[in-house]
Amino acid sequence: CIGGEQMEMMTWKPVQTEADIKNYLSFWEYYDWLKNIALNIFEWKNLPPTIPEYFIERVLFERGQIVFFKDPEIGLLCLPGSSAGVVNIYGEPVAFNVHGFNFNDIVGENTLEQTFSRKIESDEAVLIWNNLTKTPTDRIIRLFASRLGNVERVTDTNLNAQRTPVLLLGDEKSILTLKNVYKKFEGGAPVIYGDKNFMNQESIKAVNTTAPYIIDKLDTHKQNLWNECLTYLGIQNANTDKKERLITDEVNANNQNVETNKEIMLTCRERAAEQINKKFGTNISVNIRGGEEIEPIHDRTEKPDTSKL
């Protein structure tokens, strides 16, 4: 069940201001980035031509489960599905309502080009889990994307505060002059000329609004959030700002968390592949794609090879 705060975070209000636009784009930048990483973790092999690999991972990411079955007209399919209402003594569905993304109320022949919806008995299908709780990865990625986007916007604010550390105050008569002075100041003019009487006015004041520079701390916090998300996804990461600062116990602890999270998701998929092969006579397998460690988000520049120096 998703609480009210989470729903408010996931439901975007109409964009109205420049700040709204930047907040909106910052969230979706990290959401799309992390979603693409999540969808590329697992590699399915020997799937039938009627089942695209990306679709399995997409549905598991968005819905937490997907149903593999054989349709008498189309053949082997893997589609979103939910319990048909009745469960066994272990709480598992005895039947599923499955449907294609093009499902509507139009009744017609089931083909890949037309709408698809039908009821499948559990002994005719295999339910693939995303994880042991059958929950989607999507909502966790939304949470991390929201946090990362927020840090990015705070960083922008702090950077702008370094650029304009002075607030000029004056009466109505001096506002235009103050604006012209500020334009020259912002434009980097080496000398700003002013009337001596104007500069001596007591009605004009300058307030120092210098904010402390915290971008380095924000970058560290953002990196920690990024690494925490990768750990959740079961992807190796440094989980610290400087890898060389880690002691052996810290490395082992982080690696254990990564391996545990990875094994949870992989085991659910492997178990489903084994059941599918036994039920339908296929030779489907699934494993971790690649396996290389993902670099920190602020350290993606090429490093020279010094091994031969």
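All figures in this text were calculated on a predicted structure; none of them were measured in a lab. For the numbers below, each heavy atom of this structure counts, side chains included, while hydrogens, waters and symmetry mates do not.
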Passes ring-ring contact (aromatic ring centres under 6.0 Å, His included), Phe96 versus Phe69? Steps please. CA-CA 10 Å; Phe96 304 99; Phe69 63 99; 9.4 Å; no
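- A chain of hydrophobic side-chain contacts below 4.5 Å, direct or via other Ile, Leu, Val, Met, Phe, Trp or Tyr residues, connects Val154 to Trp28.
- Between Asp156 and Arg153 a salt bridge is recorded (basic side-chain N to carboxylate O distance below 4.0 Å).
- Looking at heavy atoms from C-beta onward, Thr157 lies out of side-chain contact with Asn160 at the 4.5 angstrom threshold.
- Contact record, Pro212 with Asn158: O-ND2, 2.9 Å, taken as the closest heavy-atom pair.
- The closest side-chain heavy-atom distance from Asn36 to Asn40 is not below 4.5 Å.
- For the atom pair Glu43 CD and Arg269 CZ, the distance stands at 13.5 Å (nearest 0.5 Å).
- Closest approach of Cys78 to Ile56, counting heavy atoms only: SG-CG1, 4.1 Å.
- The closest side-chain heavy-atom distance from Cys268 to Asn130 is not below 4.5 Å.
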Walk me through whether Leu233 and Ile140 qualify under side-chain contact (heavy atoms from CB on, under 4.5 Å). CA-CA 10 Å; Leu233 294 173; Ile140 300 297; over 6 Å; no
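- Atom CD1 in Ile284 sits 13.0 Å away from atom CD in Glu274 (nearest 0.5 Å).
- Residues Gln223 and Asn227 meet the side-chain proximity criterion, which asks for heavy atoms closer than 4.5 Å.
- The aromatic rings of Tyr31 and Phe61 sit perpendicular to each other, their planes meeting at more than 60°, with 30° as the lower class boundary.
- From Thr267, atom OG1 reaches atom CG of Leu132 across 7.5 Å, with rounding to the nearest 0.5 Å.
- Between the side chain of Asn131 and the backbone N or O of Thr135, at least one donor-acceptor pair lies under 3.5 Å.
- Side-chain contact between Val59 and Ile128 is absent, with no heavy-atom pair separated by less than 4.5 Å.
- The OG1 atom of Thr155 sits 4.0 Å away from atom CG of Leu218, with the distance rounded to the nearest 0.5 Å.
- Residues Ile235 and Asn237 share a closest heavy-atom pair of O-ND2, 2.9 Å.
- Under the side-chain contact (heavy atoms from CB on, under 4.5 Å) criterion, Lys134 pairs with Gln65, Glu92, Leu127, Trp129, sequence neighbours left out.
- Checked for salt-bridge contact, Arg289 and Glu53 meet the test: a charged N lies under 4.0 Å from a carboxylate O.
- Here the shortest heavy-atom pairing between Ile51 and Leu76 reads CG1-O, 3.7 Å.
- Every residue meeting the side-chain contact (heavy atoms from CB on, under 4.5 Å) condition with Pro52, not counting sequence neighbours, appears here in chain and number order: Tyr54, Phe55.
- Of all non-hydrogen atoms in Val151 and Lys222, the two that sit nearest each other are CG1-CB, 3.9 Å.
- Using a 4.5 Å heavy-atom threshold, the side chains of Glu29 and Leu148 count as separate.
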Verdict with supporting geometry, His99 and Leu79, side-chain contact (heavy atoms from CB on, under 4.5 Å): CA-CA 6 Å; His99 60 85; Leu79 294 176; over 6 Å; no
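- Val126 and Val94 sit in two unconnected hydrophobic clusters of ILVMFWY residues. Membership requires side-chain heavy atoms under 4.5 Å apart, directly or through other members.
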Show, in sequence, the C-alpha distance, side-chain angles and deciding distance for Lys45 and Asn287, and conclude whether the side-chain contact (heavy atoms from CB on, under 4.5 Å) test is met. CA-CA 9 Å; Lys45 295 182 178 180; Asn287 51 41; 3.8 Å; yes
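- Between the OH atom of Tyr232 and the CG atom of Asn261 there is a distance of 8.0 Å, given to the nearest 0.5 Å.
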Should Thr260 and Asn257 be marked as a side-chain contact (heavy atoms from CB on, under 4.5 Å) after you check the CA-CA gap, both sets of side-chain angles, and the distance that decides it? CA-CA 5 Å; Thr260 298; Asn257 289 335; 5.6 Å; no
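- In this structure, Ile276 CD1 and Thr282 OG1 are separated by 6.5 Å, a value rounded to the nearest 0.5 Å.
- When hydrophobic clusters are built by joining Ile, Leu, Val, Met, Phe, Trp and Tyr residues whose side-chain heavy atoms come closer than 4.5 Å, directly or via intermediates, Val87 is not grouped with Ile120.
- A salt bridge links Lys22 with Glu18: at least one charged nitrogen is closer than 4.0 Å to a carboxylate oxygen.
- Looking at Tyr30 and Arg147, their side chains never come closer than 4.5 Å, going by heavy atoms from C-beta outward.
- No side-chain heavy atom of Asp216 sits less than 4.5 Å from a side-chain heavy atom of Thr220.
- For Arg58, the side-chain contact (heavy atoms from CB on, under 4.5 Å) criterion is met by Glu62, Phe101, not counting sequence neighbours.
- By the 6.0 Å contact criterion, NZ on Lys279 is enclosed, its count of non-hydrogen atoms from other residues, nucleotides or ligands being greater than 12.
- Here the shortest heavy-atom pairing between Arg118 and Pro72 reads NH1-CD, 3.1 Å.
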